[in-house]
Amino acid sequence: MRLLKSISQSISIICLLLFLASCVDSSKSEMTQVMLQGKTMGTTFSVKFYATEQQLLTEQFYNDIDELLETVNDQMSTYRHDSEISRFNSHATDEPFVVSTDTAYVVKKAIEIGVSTQGALDITVGPLVNLWGFGPSGKVVQVPTDEELVLAKDFIGLDKILVKGRSLIKTQDQLYIDLSAIAKGFAVDKIAEYLDDKSISRYLVEVGGEMRATGKKLDGSNWRVAIEKPASHDRGIQQIISLIDKGIATSGDYRNYFEQDGTRFSHTIDPVTAKPITHKLASVTVIHDSAMMADGFATAINVLGTEKGLAFAEKNNLAIYLVIKSPQGFEVKYSKAFSPYLN
Ligand code: ADP
Ligand code: MG
């Protein structure tokens, strides 16, 4: 499901409004299916929903969603030097730094996920992400040295950041936050909330593979989404999921990685080793009410690995689906809470 993780780039919406008139029964006869597509955060987004002719005449769905995604970028993208998070990152003092309610909320929720997973999700891991060439400054020619990693580790840790209301406070001047593991999911939730506000009750929203569905399609069938086979060169389907009123996110090492001397380096960093994860987990899919939480947990479970990830999911009743590399090909494991989605 993944593409680039950059919370970057200006949004250029390329294609929109594909109208497909649907006349299923009298109560739905005025409904039109709308599909909006575009680019954001270094990846693509798509929004499918049903609206009345009247709503399409009076609402500016395309412009509003464009603006909303632009705002999330301005708040949370480390790829924009003047975003709120970038300005906080270069604010080298423990003086409180006021951000928007949304940024403070995402940082707070990311810290909560981080604490509950014993630091597997760690938004202070940014300096390591950058050293390994997965940040805004782009790819690196050489993998970082142990000395560089040890130095960077001094700036990392969830104990070095505090959220008080709308203020972010760093207790280490070089602290650098990277919200890439969670911001796409948050953008999905923002679009979903926007559609809820507009009384749109059937939709499927997707940003860079993270999704959220509400209601059913007009013909009464469920929104169906695919978990991809976690292979870099094969866009095959691993599993189809019927999604009702939930968010879904996948984290994997099969899209964003580099190879050096036969070793694959994933864009997911284990904060304990300061290095890309090396276990046999190929992809992690999480279903949660909130796409943001699904996104954050998917990255966290990816760091934890199969055994610890499954133990965490069972303890917390979290719906997770794991694809694991084995000599015989891909093996699948999932938590109890995920089984209802496989029918
Ligand atoms: P995607 O969904 O695009 O595959 P993820 O949601 O898993 O990506 O987020 C990966 C991104 O999160 C990385 O590119 C990096 O910027 C950041 N990151 C990497 N490791 C961690 C970590 N342990 N905790 C928090 N963020 C991380
Ligand atoms: Mg994630």
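One-based numbering, in listed order, for ligands and for the atoms of each.
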- Do Tyr50 and Val225 belong together in a cluster built from hydrophobic side chains that touch within less than 4.5 Å?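 Yes, same cluster.
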- Task: State whether the shortest distance between N or O atoms of Ile123 and N or O atoms of ligand 1 falls below 3.5 angstrom.
- Result: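 Min N/O separation from ligand 1 is not below 3.5 Å for Ile123.
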- Query: Considering only heavy atoms, does Ala298 approach ligand 1 within less than 4.0 Å through its side chain, its backbone, both, or neither?
  - Reply: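 No part of Ala298 comes within reach of ligand 1.
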- Item | Under-4.0 Å heavy-atom contact with ligand 1, by part of Thr250 that carries it |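 Backbone only; the side chain of Thr250 stays clear of ligand 1.
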Below 4.0 angstrom from a heavy atom of [X], which ligand 1 atoms are there? Numbered from 1 as shown, please.
| X | value |
| --- | --- |
| Val303 | 23 (N) |
| Ala120 | 22 (C), 23 (N), 24 (N) |
| Thr299 | 5 (P), 6 (O), 7 (O), 9 (O) |
| Lys184 | 1 (P), 2 (O), 3 (O) |
| Glu210 | 2 (O) |
| Thr268 | 19 (C), 20 (N) |
| Leu121 | 24 (N), 25 (C) |

- Query: Any cation-pi pair here, Lys170 with Phe88, using under 6.0 Å and within 45°?
  - Reply: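 That pair qualifies as a cation-pi contact.
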- Item | OD1 (Asp295) to the Mg ion (ligand 2) to O (Ala181) angle, given to the nearest 10 degrees |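 For OD1 of Asp295 and O of Ala181, the angle centred on the Mg ion (ligand 2) reads 80°.
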- Closest by any non-hydrogen atom to atom 23 (N) of ligand 1: pick that one out of Leu179, Val125, Val272, Ile269.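 Checking each option, the heavy atom nearest atom 23 (N) of ligand 1 is found in Ile269.
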- Query: Among Asp122, Asp178, Val284, whose heavy atom sits nearest atom 17 (C) of ligand 1?
  - Reply: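 Shortest heavy-atom distance from atom 17 (C) of ligand 1: Asp178.
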- Would you check if the distance from the ring center of Phe134 to the ring center of Phe265 is below 6.0 Å?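 Judged by ring-centre distance (under 6.0 Å), Phe134 and Phe265 do not meet the cut-off.
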- What class does the angle between the rings of Phe61 and Tyr194 fall in, given that below 30° is parallel, 30 to 60° is tilted and above 60° is perpendicular?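 Rings of Phe61 and Tyr194: perpendicular, as their planes differ by over 60°.
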- Take every heavy atom of Thr43, measure it against each atom of ligand 1, and state whether any distance is under 4.0 Å.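 No, Thr43 has no heavy atom closer than 4.0 Å to ligand 1.
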- Can a non-hydrogen atom of Gly209 be found less than 4.0 Å from any atom of ligand 1?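 No, Gly209 has no heavy atom closer than 4.0 Å to ligand 1.
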- Query: Linking Ile, Leu, Val, Met, Phe, Trp and Tyr by side-chain heavy atoms under 4.5 Å, what else ends up with Leu151?
  - Reply: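 The other cluster members (ILVMFWY side chains, heavy atoms under 4.5 Å, direct or chained): none.
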- Message: Between Arg80 and Glu70, does any side-chain N to carboxylate O distance fall below 4.0 Å?
- Response: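 A salt bridge links Arg80 with Glu70.
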- Query: Are the charged groups of Lys109 and Glu112 less than 4.0 angstrom apart, N to O?
  - Reply: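 Answer for the salt bridge query: yes.
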- Message: Less than 3.5 Å apart, any donor N or O on the side chain of Glu206 or Ser46 sitting next to an acceptor on the other?
- Response: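 Side-chain D/A pair, Glu206 to Ser46: present.
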- Message: If we count only N and O atoms by modelled type, under 3.5 Å, do the side chains of Asp196 and Tyr203 hold a donor and an acceptor together?
- Response: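 Looking only at side-chain atoms, Tyr203 and Asp196 do form a donor-acceptor pair, the distance falling under 3.5 Å.
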Hey, can you pull the donor-acceptor pairs under 3.5 Å for the side chains in residues 92-99, sequence neighbours left out?
residue, atom, partner, partner atom, Å
Thr93, OG1, Glu95, N, 2.9

- Metal site the Mg ion (ligand 2): N/O/S of Thr299 inside 2.8 Å: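 It does; at least one qualifying atom falls short of 2.8 Å.
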